[in-house]
Amino acid sequence: MTHLQPVRDFVVSERPIKLHQSWLDHVGDEFRQPYMQQLRTFLVNEMRAGKQILPEPKLWFNALNTTPFDRVKVVILGQDPYPTPGHAHGLSFSVPPGVRPLPKSLQNIFTELRDDLGIDHFANGCLQGWAEQGVLLLNAVLTVEARKPNSHQGKGWEPFTDAVVQALNRERQGLVFLLWGAYAQKKGRIIDPKRHHVIRSPHPSPLSAHRGFFGSRPFSRANAWLEQQGVAPIDWSA
C-alpha cells in the first residue's frame, strides 16, 4: 500500500482518491479523458444529493490497489458491486469479514471450490487473501447506489475497466482470465488467447450455476496453467 498515489484528475471529495502507482503507470491517462471527467461529475453530484454510493470512495480502486499490475496472475471479472450496504468493498464477488448470509453467487463459488479442490471457504466470504496473491477481482463498474443494482452502469466505469483489461492483455503474458457469464465473456473479447489462458463458464448466480458453472473446475484449471508457466499457484483456501 506504500505505492498508493492521489489521483489528481479524479477529485470527488476532500479526501483524495488513491491508486497504486503501477496502475497509474498503465491507465493513469484515462483519468484525463472526457468520459472519466463526466463520471467524476456524476459521482460528485450523486454524493451532493445525499445518495449512498457503495463502496465508500477509498475502496473504489481496492481491486487494483490490492493487486498491483505486475503481480496479477488471475483475473476474475464481475459486473458491479453488491448494492446491499455493508457488502461491497471493492473486490468482485467478495464481502467483508463477518457478512452473513453470504450472497448466493458467492455461496455457489464456494460450492464449486469445495467440489473442485476440497476447500471449504464458507466461513469467510472475504476474498482479500486471493487478491493479495495475485487474483485481480475486478468489477466492470466500480460503484453503485445503495439498494439499486446496476444503477451506475453506462456512467463511465466500463471504458476505464476495459482499459485495465487491455493493459493486462497487451503488457502481460500467461495470465488466467476466469470469465463467468455472458457479461464477463463479452468484456473479455479483447483478450488474446494466444497470450493468455481464458476459462469460460456460465455465471455462478442461482439462475445459471447449474447450467455449467458447477463442474467447470476453474480453480484447479487456473492453478494447473500457472504451474505450467512456472508460476506459483493460488492458495484458494486463503
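Nothing fancy with the numbering, it's 1 onward along the sequence. Just so it is clear, the model here is predicted, and its values are computed rather than measured.
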Report yes if the distance between the aromatic ring centroids of Phe31 and Phe160 is under 6.0 Å, otherwise no.
yes

Are Phe93 and Trp180 near enough that their ring centres are under 6.0 Å apart?
yes

Those residues at least two apart in sequence (or on a different chain) that pass ring-ring contact (aromatic ring centres under 6.0 Å, His included) with Trp225 are His197

Using the salt bridge (charged side-chain N to carboxylate O under 4.0 Å, His left out) criterion, which residues pair with [X]? Sequence neighbours excluded.
| X | result |
| --- | --- |
| Arg217 | Asp116 |
| Asp25 | none |
| Asp162 | Lys187 |
| Asp29 | Arg32 |

Which heavy atom of [X] sits nearest to which heavy atom of [Y], and what is that distance?
| X | Y | answer |
| --- | --- | --- |
| His87 | Pro96 | O-CD, 3.0 Å |
| Thr143 | Val141 | O-CG1, 3.3 Å |
| Tyr82 | Ala88 | O-CB, 3.5 Å |
| His196 | Asn169 | NE2-O, 3.1 Å |
| Cys126 | His121 | O-CE1, 3.9 Å |
| Leu102 | Phe122 | CD1-O, 3.5 Å |

All side-chain contact (heavy atoms from CB on, under 4.5 Å) counterparts of [X], not counting sequence neighbours:
| X | result |
| --- | --- |
| Ala131 | Thr66, Thr67, Leu91, Leu137 |
| Lys186 | Arg189 |
| Glu46 | Phe42, Lys51, Ile53, Glu145, His152 |
| Arg211 | Pro202, Ser208 |

Applying side-chain hydrogen bond (donor to acceptor under 3.5 Å, both in side chains), which residue pairs with at least one partner in residues 92-102 are found, sequence neighbours left out?
His89-Ser94

Quick one: does [X]'s side chain get under 4.5 Å of [Y]'s, heavy atoms only?
| X | Y | value |
| --- | --- | --- |
| Leu77 | Leu136 | no |
| Lys148 | Pro83 | no |
| Thr84 | Val99 | no |

How long is the straight-line distance from [atom2] of [Y] back to [atom1] of [X], given to the nearest 0.5 Å?
| X | Y | atom1 | atom2 | value |
| --- | --- | --- | --- | --- |
| Phe177 | Ile191 | CZ | CD1 | 4.0 Å |
| Gln229 | Leu226 | CD | CG | 7.5 Å |
| Ile76 | Ile109 | CD1 | CD1 | 7.0 Å |
| Glu132 | Leu127 | CD | CG | 11.5 Å |
| Glu158 | Asp80 | CD | CG | 9.0 Å |
| Asp70 | Leu168 | CG | CG | 10.0 Å |

Please test His3 against Ser22 for side chain to side chain contact (heavy atoms under 4.5 Å, CB included), starting from the C-alpha separation and ending with a verdict.
CA-CA 8 Å; His3 298 289; Ser22 67; over 6 Å; no

Got a sec, which hydrophobics cluster with Val144, joining ILVMFWY side chains under 4.5 Å apart, including via others?
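Val144 shares its hydrophobic cluster with Leu54.
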
Do [X] and [Y] land in one hydrophobic cluster if side-chain heavy atoms of ILVMFWY residues count as linked below 4.5 Å?
| X | Y | result |
| --- | --- | --- |
| Leu178 | Val72 | no |
| Phe110 | Ile119 | yes |
| Phe61 | Val11 | no |
| Tyr183 | Leu179 | yes |
| Leu43 | Leu59 | no |

Whether the side chain of [X] engages the backbone of [Y] through a donor-acceptor N/O pair (distance < 3.5 Å, no angle test) should be reported.
| X | Y | value |
| --- | --- | --- |
| Glu30 | Thr161 | no |
| Asn65 | Lys18 | yes |
| Glu112 | Gly215 | yes |
| Gln133 | Asp235 | yes |
| Arg221 | Ile199 | no |
| Trp60 | Gly90 | no |
| Lys73 | Ala222 | no |

Using the side chain to side chain contact (heavy atoms under 4.5 Å, CB included) rule, take Met36 and Trp157 through it: C-alpha gap first, then chi angles, then the decisive distance, then the call.
CA-CA 8 Å; Met36 281 300 276; Trp157 283 121; 4.3 Å; yes

When the ring planes of His26 and Phe69 are compared, do they come out parallel, tilted or perpendicular, using 30° and 60° as the limits?
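If you compare the ring of His26 with that of Phe69, the planes turn out parallel.
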
If a pair satisfies salt bridge (Lys or Arg N to Asp or Glu O under 4.0 Å) and one of its residues is in residues 191-209, list it, with sequence neighbours excluded.
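Listed by first then second residue: nothing to list.
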
